[in-house]
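Computation of the quantities below employed the complete heavy-atom set of this structure, encompassing side-chain atoms and omitting hydrogens, waters and symmetry-equivalent molecules. Order of the sequence lines fixes the chain letters, A, B, ..., with proteins taken first and strands second; residue numbering starts at 1 for each chain. None of these values were measured; they are calculated from a predicted model.
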Amino acid sequence: MSIWTNIFILGLVLTDFRLLATSRLATVIQTTVFQAFALSAFMLTMADRPWPPLLIFLALLTLMVKGLVLPWLLRRAMRETRAQREIEPIVGYSASVLVGIVLLGLSFLIFIPLKTSVSQESAFLLPAALFTTLTGLMIIISRKNALTQVVGYLVMENGVYAFGAALAVEEPLLVEMGVLLDVFVAVFVMGITVYQISREFDNIDTDRLSELKD
Amino acid sequence: MIMDLMLASLAVLLFGSAVCVFAGGSGKSASLMGAITSVTGALLAMGAAGTILWTGKESSLHVPWQVPFGSFYIAVDPLSAFFIITISLVCALAAIYGTAYMDIYRGKKNLGAAWCFFNLLFASMLLVVLSRNGILFLIAWEGMSLSSFFLVMFEHEKAEVREAGWVYLIAAHVGQACLMFLFILLGGQNASLDFDKFTTPVGAAATLFILALAGFGAKAGFVPMHVWLPDAHPAAPSHVSAVMSGVMIKTGIYGLVRIVLLIGAPAQWWGWTLLIIGAVSGIMGVLFALAQHDIKRLLAYHSVENIGIICMGLGLWLLGVSINNPVLATLGLMGGLLHVLNHALFKSLLFFGAGSVAHASGTRNMDLLGGLLKRMPQTSLTFAIGAAAICGLPPLNGFISEFLIYLGAFGIVAKAGTLGSPAVGGLIALASLGLIGGLAAACFAKVFGIVFLGEPRSENSARAHEVPRPMLFAMTTLAALCIIIGLAGPLAIKLVTPVARQLIGDVKVSETSAMACGILWKISLAGGALIILSGVFWGLRSFLLSRRVNSTGPTWDCGYLAPNNRMQYTASSFAWPVIGMFRWLVRPKLNVRFTKGLFPQHAEISSHTDDIFRRNLFAPIFKLIIELAQRIHRLQEGRNQLYVLYIAITILILLLVKVR
Amino acid sequence: MLISIVLIPLALGLLALVIHSKGVRRGLLIIGAISHSIMTAVQALQKTHPTTGIWIGLDSTGLLFLSITSILFLAVAVYTVGYLGRDSDRKVMDSVEGFLFRNEPEAVFIACLLLFLSSMSMVCISRDMGLLWVAVEATTLVSAPLISFHSHHRSLEARWKYLLICSVGIAVALLGNYFMAFAGHGKIHLNLDNLITGAASLDQAWLKAAFLMLLVGYGTKMGMAPMHTWLPDAHSESPSMVSALLSGALLNCAFLGIFRAHSVLSAAGLGLFSGELLVFFGMFSMAIAAAFMIRQSDYKRMLAYSSIEHMGIMALGLGIGGLASTGAMLHAVNHSLTKGMLFLVSGQILFTYGSKKTDDVRNVIKTMPLAGILWLFGFLAITGAPPFGPFLSEMTILKGMLQSGRLFVAAGYLMLLGVIFIAMARIVIPMAFGLPEKSKSFAPSPDIQQEPIWFAGPTLALAAVILVMGLYIPGFVWNFFGKAAAMTGGF
């Protein structure tokens with residue numbers, strides 16, 4: 001099981017780099033589907049077999065929300081707003097990847113003093129989860145397209161969720177489901193906002209959204 | 001009994017302010033109600049305070065009050081009683097003066113609100129000197145600041161009034177912040193901020209003194225915290241200026257004295273500090289006064305000067321206490337405190353006079369006035385008395401208090417024999433008092449000469465007329481009091497002796513006071529003789545003149561064929577010889593266009609004097625802060641990406657640095 | 001039943017979505033507000049409290065914040081009904097750029113208000129860090145549509161910023177929750193009572209990390225610098241009653257989150273660690289707020305920065321602990337009510353003058369006497385002048401600082417308060433007094449009442465409470481604040 005956990009964690013990290021390196025919105029959204037798959041899979045690999053039915057349910061739910069419904073919503077929004085790709089990112093793609101490497105290093109550094117009895121199976125789990133969170137932040141910071149930023153939020157949320165997944169065995173299920181629901185609603189509301197923005201401004205370039213300042 | 005009277009007085013005043021709000025519609029009834037309640041409140045308060053001063057005992061009232069750290073704890077001791085009398089006297093007369101003065105605003109302004117704030121100001125000043133609890137004191141203190149702020153803003157349609165109000169509010173609030181700090185430090189770990197539970201934390205005495213100096217000094221107008229004063233006092237209606245200049249700033253003096261008592265044994269440097277601040281305030285105040293054109297602004301600077309004199313008196317007191325010289329301490333304290341009363345009397349008299357002049361002529365600019373002696377004889381006479389009193393000329397009250405300070409200073413210099421450090425203090429006091437007296441005399445020679453003598457410099461000034469009776473009544477009463485105290489100096493000393501006994505608590509106090517009384521009786525005698533002699537000469541003159549035919553002609557025209565009132569001395573030119581001498585300090589700005597060429601055309605000269613502390617000390621600080629702030633404003637530049645970056649950086653830094 | 005405090009507004013909110021009649025819908029809002037107040041009062045008067053629930057329960061701190069929310073919401077509801085009656089349907093002229101816009105559907109607005117109330121109540125009564133997080137996130141989502149009620153491009157921008165920044169913040173807070181679970185070795189339930197009683201067994205390094213994340217996360221929502229950036233935009237663009245709720249109630253809810261985290265750390269013996277961080281961020285927030293209030297040209301933004309300042313003060317008080325944290329609790333009440341009132345007044349000024357620029361507003365005291373007086377009153381109160389409520393709470397915090405020997409913190413605190421007073425006076429006094437400049441003529445429409453009863457009622461009521469809070473705090477109320485500040489929770 002440890003080997004599988006590590007494989008999925010590695011998958012998570014790789015998808016992060018793919019997110020940092022790509023400009024096409026469709027690719028970005030597709031990558032989040034991979035992430036959802038990795039998340040729900042390694043949630044299962046963490047637990048001892050036979051898997052508790054509730055855990056299976058949660059994994060399926062995660063896959064459905066993060067891998068099916070949200071990407072569908074985002075693709076729809078992409079069509080509506082006719083936003084195909086990031087035109088001119090604030091931080092370029094190769095630079096983003098470099099920053100990503102630094103962030104990965106920092107993620108390992110941060111967890112040096114933090115030892116835990118949970119998830120001893122993988123030394124990479126926690127840094128990888130944090131790295132995914134930071135990748136999400138990085139995407140929000142470095143991209144100008146409002147929809148890409150929503151995806152960035154989703155990625156960040158995936159990273160946080162990975163921590164939760166490590167705890168899923170012990171954590172009360174209700175909270176996990178609440179978290180999922182909240183993420184779903186958050187992305188939904190953001191999607192609506194992006195749609196309204198595109199109607200009001202004719203595009204979703206966030207450069208236009210910087211009028212309020214001091 | 002005493003406390004009942006005080007509570008009744010406060011109740012009447014608060015009732016009055018509430019009634020005035022609702023009587024706002026018609027100005028007359030508001031003025032009437034406001035004045036009646038003020039005078040009633042003043043009489044009640046003076047009754048209570050007089051009894052305390054007479055008996056020398058203390059009376060207090062402690063009522064629990066459901067507020068954290070607070071209690072309704074008020075008390076009257078001789079110190080409070082002395083200030084209550086001063087405050088009540090001036091406020092009552094100001095209220096009477098105000099009934100007529102405010103008439104010109106009827107229909108234009110909400111007089112109800114103005115009278116409401118006037119009564120609130122009076123009540124809160126009383127409460128300041130009464131309260132013995134930190135919270136109660138701060139509330140009263142703020143009440144005083146706010147009600148006077150709204151009175152300053154009375155004519156808020158003028159830009160300079162708004163500016164003055166803003167500066168005043170800032171000064172008041174900064175002072176308040178220092179006082180909060182002070183009281184809480186004194187309160188220590190106590191759950192209550194009652195004054196009698198205050199203890200000085202070990203090693204904190206110096207901090208406490210500095211906080212008190214800053215907090216109360218901002219209200220009193222010590223240089224350089226005086227910057228609000230020359231703006232705010234002229235902006236308010238004249239009777240309020242009189243109250244603010246005459247008594248409100250004295251609550252700063254009261255607070256300083258009270259807190260110094262609470263902190264404990266004074267260090268010698270406290271006395272030195274006060275002495276130096278006093279000397280600087282006195283000299284700077286009078287110099288700036290000399291350079292002013294606006295009569296009320298000029299008077300406001302004189303308040304800075306007189307606060308300086310009071311401060312020097314207090315400095316000698318602390319010096320005396322710290323070097324164990326009760327004679328010096330007593331004379332300094334009595335001189336300082338008596339000057340509080342005296343300054344209250346003549347400064348409100350002068351502000352009333354200035355208000356009357358403005359009321360009659362519509363301007364406060366001295367260069368547009370002149371020749372008012374003939375048009376407003378009674379105002380002129382009382383103003384002259386006030387002017388002589390503020391210069392410290394015998395036989396008027398200003399002399400008495402300054403004399404006590406002189407006496408203390410001379411005593412210490414004479415006793416020391418050599419130039420020890422206390423003697424240097426005495427010399428500083430002597431030298432600056434002398435300089436201040438001379439400059440003040442020059443200044444009031446200018447004011448009286450320009451405003452009341454000569455020919456009118458403008459139409460309005462020519463049309464001036466004597467003011468209504470309530471205003472004359474207030475001025476005459478004050479002038480009479482100035483003369484009475486001047487002639488009966490020893491009686492005035494009786495007024496402050498109980499206070500000195502309370503504060504210094506030494507047998508030497510009575511001795512010293514008796515010694516001063518002895519000298520003052522002689523001075524009174526001389527003063528009386530002077531007055532009788534002048535009376536005799538005046539009678540003789542009238543007697544001689546009555547035999548002859550008198551003819552009245554124009555003022556001597558110096559050989560000019562067509563004398564023009566613009567040929568007269570102006571206020572600026574009158575003051576220039578002195579100002580020129582102190583140019584390096586006062587920094588007046590001259591705007592001169594000389595005549596040129598064969599056919600000279602337009603020429604002009606004007607002068608203007610900014611407050612150097614405002615321009616060179618506070619303005620740069622404010623500018624620096626604003627520049628810094630505007631640089632920080634760039635952080636909020638509008639992009640979400642940047643904002644999320646702030647969050648990300650915060651997370652990374654915290655996680656990397658704080659998790660160990 | 002405690003949960004009804006959440007469910008009734010929720011049900012009413014959902015009902016408002018489907019009801020067509022305007023009158024009934026607005027009635028629902030009032031009913032929601034009043035029933036909420038009654039339920040809160042009932043909870044407050046109960047002798048025994050169900051604090052032991054795993055998910056929900058009400059301790060003194062929760063009750064305190066619930067009461068604040070309830071009072072403020074009642075005032076806002078009355079105001080809102082009047083406000084909607086005035087300009088719900090007509091096309092409104094934008095005050096800055098002069099274009100016409102429509103408001104969002106009233107049904108959504110009222111429904112979101114009620115849901116907002118419901119979710120904030122949930123925050124106050126939740127006893128579980130996870131549930132607390134869900135509730136805080138819910139407040140963000142339901143309040144987002146409120147911000148862009150005046151639907152035009154600036155309000156959309158504000159809403160977008162609000163959503164994105166707060167969602168990011170809340171995600172970080174979730175991270176904190178998980179870290180806290182790691183601190184409990186994955187075995188401990190995130191129930192508050194569990195955490196506090198089992199605090200000794202928690203892993204300290206993880207707990208520290210958890211607090212950092214919760215601080216940043218809830219701090220974002222609370223408007224703590226440097227995560228405060230959404231706050232001025234959202235407050236200045238949303239309708240004034242929404243600003244009042246955001247400032248007066250929502251920020252408190254986020255503060256409650258930090259309070260809970262701090263109490264767990266205190267129980268684990270890390271109170272000094274979290275306290276120091278709170279002091280630092282509190283001071284920093286005050287400083288940033290002070291800098292932005294200097295020369296601020298928009299009076300609603302000024303109020304927003306003032307909220308940042310006061311959140312800083314509360315964090316500072318909580319961080320110092322002891323008497324200062326009692327002061328912080330007291331300050332929460334004072335700030336909420338005062339700021340709520342100020343925002344309602346600013347809304348009225350905005351309506352009359354048609355501009356958010358301070359330079360365009362002059363002589364309010366003459367044009368609209370009540371609003372002018374309340375504007376000055378609120379300014380003096382919020383800057384801590386006696387005898388208003390905030391004075392006592394700021395004084396209590398100061399005393400707490402000096403009693404624990406934090407002389408320099410106290411000096412810095414007073415200095416920043418002074419700077420903020422000066423900056424605010426520079427803005428408020430010219431607005432209240434003076435004459436309008438000739439070039440910027442404005443004409444308040446004579447047919448519309450400037451100070452209708454639905455404006456006067458709530459604002460005057462709030463003003464009265466603020467005044468009483470400064471003059472009379474009976475012993476049992478004071479003790480209540482002390483209990484609310486106690487880190488252990490419970491009555």
Neighbour count above 12 (heavy atom, 6.0 Å) for A:Phe108 CZ: yes
Among C:Ser167, C:Ala205, C:Gly130, which has the most heavy-atom pairs under 4.5 Å with chain A? C:Ser167
Is the C:Phe179-A:Phe163 ring centre distance short of 6.0 angstrom? yes
Side-chain ion pair, A:Glu200 and C:Arg159, N-O less than 4.0 Å: no
Please classify the contact between C:Tyr162 and chain A as side chain, backbone, both or neither, with a heavy-atom cut-off of under 4.5 Å. neither
Heavy-atom contact with chain A under 4.5 Å, split by part of C:Arg295: neither
Suppose the criterion is side chain to side chain donor-acceptor pair (under 3.5 Å): which pairs have a residue in residues 148-159 of chain A, not counting sequence neighbours? A:Gln35-A:Asn158, A:Lys66-A:Asn158, A:Glu86-A:Thr148, A:Tyr153-A:Glu157
Side chain, backbone, both or neither of A:Met156 within contact of chain C (heavy atoms, under 4.5 Å): side chain
So for atom CZ, which belongs to A:Arg18, do other residues, nucleotides or ligands contribute more than 12 heavy atoms lying within a distance under 6.0 Å? yes
For the pair C:Phe292 and C:Tyr305, name the ring-plane relationship: parallel under 30°, tilted 30 to 60°, perpendicular over 60°. parallel
Side chain, backbone, both or neither: which part of A:Leu181 has an atom under 4.5 Å from a heavy atom of chain C? neither
Toward chain A, the part of C:Lys208 with a non-hydrogen atom under 4.5 Å: neither
Under 4.5 Å from any heavy atom of chain C - which part of A:Ala129: neither
Tell me, for A:Ile140 versus chain C, whether the close heavy atoms (under 4.5 Å) come from the side chain, the backbone, both or neither. side chain
Quick check on C:Ala171 against chain A: is it the side chain, the backbone, both or neither that has a heavy atom closer than 4.5 Å? both
Hey, which of A:Gly159, A:Gly152, A:Ser210, A:Gly136 has the most heavy atom pairs under 4.5 Å with chain C? A:Ser210
Are C:Glu137 and C:Leu174 close enough that some pair of their side-chain heavy atoms sits under 4.5 Å apart? no
If you define the side chain from C-beta out and look only at heavy atoms, does anything of A:Leu126 sit under 4.5 Å from A:Leu130? no
At a 4.5 Å cut-off on heavy atoms, which part of C:Gln204 comes close to chain A: side chain, backbone, both, or neither? neither
Under 4.5 Å from any heavy atom of chain A - which part of C:Ala158: both
